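Notes follow once the structure below has been shown.
Values in this document were obtained by computation on a predicted structure and should not be read as measured data.
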Amino acid sequence: MSAFLQHTFDGLVSGAFLALLALGLSVIFGMLRVVNFAHGAFYMLGAVGAYLLLTEFGVPFWWALLIVPVALGVLGMGVERALVHPLARLDPLYNFLLTFGLTLVLQDLVKMRYGTQSSPYGTPDLLVGTVDFGLFDFPAYRVFVLAFAVVACVAVWWLLGHTRIGMVVRAATERPELTRALGIDVGRWVTPVFGFGIALAGLAGVLAAPMRAVNPLMGADLVIVVFAVVVIGGLGSIFGSVAAGFGIGLVQAWGESYLDQWPIVAQTSVFVIMAIVLLWRPAGLFGREEAPA
């Protein structure tokens, strides 16, 4: 029983990263209809930014948790205006190729500066040690990550669901055509929303730095899983992205623990689930079916 609970907690922690990344990716896709393949690279930049602040300037983790997402959000807005926006009227494939190329550029820039080897990032002093849950002990930092991610997701949900700005953004994200038809200028929200999605990726990167070695490719494989999570939850669905993120985190943790003799099954489980969901419900679990033309 204790082993199951520990695996479950591991899955929730992994799901916390997937939920934050999928939330930002879903918001960007919902409003811009852009498949931002560079999302994993910005996640990597979040971890690298925290590492750079600590090693070069002595800025601790707690300040990095604030500075890095804001800086990456501003960078994301600049990327949207300079690169993504000019291609907005073209086929979405162009922006997909653009963000794919941007990923390669960002990864190579980090490689040029820090090389390809992984760099450790120490756990904050306040979160060293374990938390006793009775049946098992769990690292204090992982408990913090899970709690912080849940609070962040709830805060975003409250912002989008209970403020005027949030309701406009949510409407423009989930029903952009209808929102435009009601006379709301969706275009003015595009750049801030893109920056906000990038900031969430950067936030996940900062949280990941003490848990996972910082390296230029740390987001390369993860972004594929995040895309699958967004598809499972429903493209453009805020709640669906978060729910699917935590759900896939649990499935992967249980699979790696109980199917360790068949590692390929655990590794491909998310894509099997995605295929089943798409066959059953093409719009995703919480996505909206589009009316036929």
Side-chain angles (χ1 to χ4, degrees), residues 13-14 16-21 23-25 28 36 38-84 99 102-129 139-153 155-156 191-223 226:
V13 173
S14 298
F17 290 106
L18 295 178
L20 284 175
L21 287 166
L23 181 58
L25 192 64
I28 290 175
N36 179 28
H39 213 64
F42 284 107
Y43 161 80
M44 176 269 295
L45 286 182
V48 171
Y51 176 80
L52 176 64
L53 287 176
L54 180 64
T55 57
E56 299 292 336
F57 304 101
V59 178
F61 170 81
W62 304 106
W63 279 106
L65 201 59
L66 173 64
I67 295 172
V68 172
V70 172
L72 287 181
V74 173
L75 176 62
M77 289 192 288
V79 168
E80 195 283 326
R81 295 307 300 173
L83 301 177
V84 176
T99 56
L102 181 60
T103 296
L104 300 180
V105 170
L106 293 175
Q107 288 177 351
D108 284 345
L109 288 175
V110 175
K111 287 179 184 178
M112 289 173 58
R113 177 62 177 83
Y114 297 103
T116 58
Q117 292 185 345
S118 300
S119 303
Y121 186 97
T123 303
D125 293 338
L126 291 176
L127 298 174
V128 174
Y141 183 75
R142 290 177 175 250
V143 176
F144 166 76
V145 167
L146 178 57
F148 188 92
V150 170
V151 171
C153 290
V156 172
T191 300
V193 167
F194 190 91
F196 179 70
I198 296 301
L200 288 175
L203 178 63
V206 176
L207 291 172
M211 287 179 52
R212 301 167 184 175
V214 179
N215 66 80
L217 300 178
M218 62 186 296
D221 296 332
L222 184 62
V223 71
V226 174

Contacts of V105 that satisfy side chain to side chain contact (heavy atoms under 4.5 Å, CB included) - sequence neighbours left out: L109
Whether H39 side chain and G24 backbone form a donor-acceptor pair below 3.5 Å: no
Tell me which pairs pass salt bridge (Lys or Arg N to Asp or Glu O under 4.0 Å) where either residue lies in residues 44-59, with sequence neighbours left out. E56-R113
Do you know which two heavy atoms are closest between L20 and A152, and how far apart they sit? CD2-CB, 4.0 Å
Which residue is it: I67, V68, L54? I am looking for the one with a side chain to side chain contact (heavy atoms under 4.5 Å, CB included) to V59. I67
Contacts under 3.5 angstrom, residues 115-124 side chains, donor-acceptor by atom type, not counting sequence neighbours:
none

For residues 192-218, please give each side-chain donor-acceptor pair under 3.5 Å, one per line with the distance, not counting sequence neighbours.
from	atom 1	to	atom 2	distance (Å)
R212	NH1	Y43	OH	3.2
N215	OD1	L217	N	3.0
N215	OD1	M218	N	3.0
N215	ND2	A213	O	3.2

Going from OG1 on T191 to CD on E80, what distance comes out if it is rounded to the nearest 0.5 angstrom? 3.5 Å
List the steps, then state whether side-chain contact (heavy atoms from CB on, under 4.5 Å) holds for V226 with F17. CA-CA 9 Å; V226 174; F17 290 106; over 6 Å; no
Side-chain heavy-atom pair F61, Y141 within 4.5 angstrom cut-off: yes
Taking the side chain as everything from C-beta on, heavy atoms only, tell me whether L18 gets closer than 4.5 Å to L222. yes
With sequence neighbours excluded, what pairs up with L126 under the side chain to side chain contact (heavy atoms under 4.5 Å, CB included) test? W62
T99: partners by side chain to side chain contact (heavy atoms under 4.5 Å, CB included), with sequence neighbours left out: N36, F37, A38
How many angstroms lie between atom NZ of K111 and atom CG of L106, to the nearest 0.5 angstrom? 12.0 Å
Rounding to 0.5 Å, atoms CG (L65) and CG (L53) come to a distance of 11.5 Å
